A.B. asks: 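Here it is, the structure, as structure tokens.
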Protein chains: 2
Amino acid sequence: MLTEERHQLIRNQLAADGKVLAGELASRFGVSEDTVRRDLRELAKAGQLRRVYGGAVASAPFAAATLSQRSGHAVEEKTRLAKAAVGLLVAGQSLFIDGGTTNEAIARAIPRDIELTVATNSLGVASALTDRPLVKLIVLGGRYVPDLGTCVGADTLAAVAQLGADLFFLGSCGLDVARGVTAFDSAEAEVKRAMAKNSGGIVIAVTNDKLATAAPYRVAGAEAIRHLVVEKTAPPATLADFQSQGAQIHFA
Amino acid sequence: MLTEERHQLIRNQLAADGKVLAGELASRFGVSEDTVRRDLRELAKAGQLRRVYGGAVASAPFAAATLSQRSGHAVEEKTRLAKAAVGLLVAGQSLFIDGGTTNEAIARAIPRDIELTVATNSLGVASALTDRPLVKLIVLGGRYVPDLGTCVGADTLAAVAQLGADLFFLGSCGLDVARGVTAFDSAEAEVKRAMAKNSGGIVIAVTNDKLATAAPYRVAGAEAIRHLVVEKTAPPATLADFQSQGAQIHFA
DNA sequence: GCATGTTTTGCCTGTTCATGCAAGAAACAG
DNA sequence: CTGTTTCTTGCATGAACAGGCAAAACATGC
């Protein structure tokens, strides 16, 4: 039984069942569970599955990848950031909200009694807002990317181009004073740029681990940030840099 | 039974029924109620449901109150219809799927190992398909209507106009041989008409209570229906009428 | 053939995680 | 108000886990 052979069989079962159990695979392949765990670890590293306790599941289930995988990490922090971020909202405003777990937390934190117009390309944000009776929700369609949880592409850009918003809640992947706001994906960055262009101000809420990091694709310069929502424990020196670029700092 | 698996099943039942009971889940999963409560707590923390005494309810019912009321109605029937309807699918096909609880059930019933391209204006359908790795998902954006759970309007129509599909799964509000397929909402009907125009064939899955009823807005004539999926208990006379108009009948 | 280095695998060790149980708190019903 | 159900918290146990180590299988060079 070749290693590669096992990998293929694991992929097959994942495609069919959506999940695999480490112990079951071990007995089926006639190898130790350690070997199976190693296989799963490698496949997970290659992004072909998502490792869970006891086995693995198919990667990027919407609510699972966007919310469990990443958000298992710092749920409380993001919830706190979200609460502080919605404090910036004024009734009657129109917003762009793009993807990311922090933005989903913000969407959930939006109170039920505030009237808003929200345009989003994130299914997570959209679904969080479906039960807000006073929120007029505009879904920005396009090609859906499971890894991002958002729609991107020409259709999305065209939809954004027809809209304008007072604020843009930008889900940031990297945030650095010198390099500005950056994203990991080209198409994603494109949509963010379009939203930034058509909005009156950018709001970014980030956990500490995003501060002073950068991703390949540039979205906007640091001077474009109007409001920056950060944790109380964020390094003051970094914050001072952003402040000198015109950003208003808000602590969660 | 993986923890993640239970979470997924809970999410599924919430999407289908709008609520879950802790005790019922415990016996169904074969675990203690404490474990289920822990699951529910975690999912609630991630914003995927709202915890209530005795169980949990959907936090953001894609289908608002009106829709979730209906969805509790005939869950088993709709699941059976959905299973029969997905039997019509062929790998590589492209589909339009619009809104409605039956269509959401169909989306959930789509197997994980079939390659498809799906364009939908329903957030419920879209979110059901986000964890299908082989499904290329195109979200048709626009103004979101909570009562329908779908996007409608000029933006949606424009997006539909740029696409074509082999089949159109039409969520029907009324179905009558003389009046054809009808909808309750003008904007909704408009989108359905556009999808019908750009698709190679219409598939309709309906419970008995929709048969031989009509709503104000006309979507398509009875002769436009290629496949009609119905319950075994559907009145044969009505079915014969549709059959004479060229529809192929499939029993769930 | 022999020696050497690499890869794969299984086993061991300490650690982490999921689970069920028990006890007290809170919510509900009558 | 009282009893019951449900919930949270803490804790103990066993399963699953990562990392280190050594043996076996394999390839490579002399």
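Chain letters run A, B, ... following the sequence lines, proteins first and then strands; every chain starts at 1. Every value quoted in this text rests on a predicted model; they were computed, and no experiment measured them.
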A.B. asks: Per the end-axis method with five pairs at each terminus, what is the bend angle of the helix from C:dG1-D:dC30 to C:dG30-D:dC1, to 10°?
C.D. replies: 30°
A.B. asks: What residues from residues 4-20 of chain A pass a heavy-atom cutoff of under 4.0 Å to DNA chain D?
C.D. replies: none
A.B. asks: Just checking A:E115: does its CD atom have more than 12 heavy atoms from other residues, nucleotides or ligands closer to it than 6.0 angstrom?
C.D. replies: no
A.B. asks: Between B:S122 and B:D98, is a side chain to side chain donor-acceptor pair (under 3.5 Å) present by the stated rule, with each step listed?
C.D. replies: CA-CA 6 Å; B:S122 157; B:D98 79 327; over 6 Å; no
A.B. asks: Which atom names give the shortest non-hydrogen contact between A:V219 and A:R193, and what distance separates them?
C.D. replies: O-CG, 3.3 Å
A.B. asks: Assess whether a salt bridge exists between A:E77 and A:K210, defined as any Lys/Arg side-chain N lying under 4.0 Å from an Asp/Glu carboxylate O.
C.D. replies: no
A.B. asks: Which parts of nucleotides 9-17 of chain D does protein reach within less than 4.0 Å, heavy atoms only, written one letter per nucleotide 5' to 3' as B for base, S for sugar-phosphate only and - for none?
C.D. replies: B-----BBS
A.B. asks: Taking 5' to 3' order, which nucleotide of DNA chain C is first and which is last to have an atom within less than 4.0 Å of a heavy atom in chain A?
C.D. replies: C:dT8 to C:dA18
A.B. asks: I'd like a table of atom pairs between the protein and nucleotides 26-28 of chain D - only N or O on both sides, under 3.5 Å - with the distance next to each one.
C.D. replies:
none

A.B. asks: Would you sort out whether A:E33 and A:R28 count as a salt bridge (Lys or Arg N to Asp or Glu O under 4.0 Å), showing the intermediate values?
C.D. replies: CA-CA 11 Å; A:E33 295 200 13; A:R28 194 146 65 87; over 6 Å; no
A.B. asks: Identify, with sequence neighbours excluded, every residue that meets side-chain hydrogen bond (donor to acceptor under 3.5 Å, both in side chains) alongside A:E5.
C.D. replies: none
A.B. asks: Over 60° means perpendicular and under 30° means parallel, so classify the ring planes of A:H250 and A:H227, tilted if in between.
C.D. replies: tilted
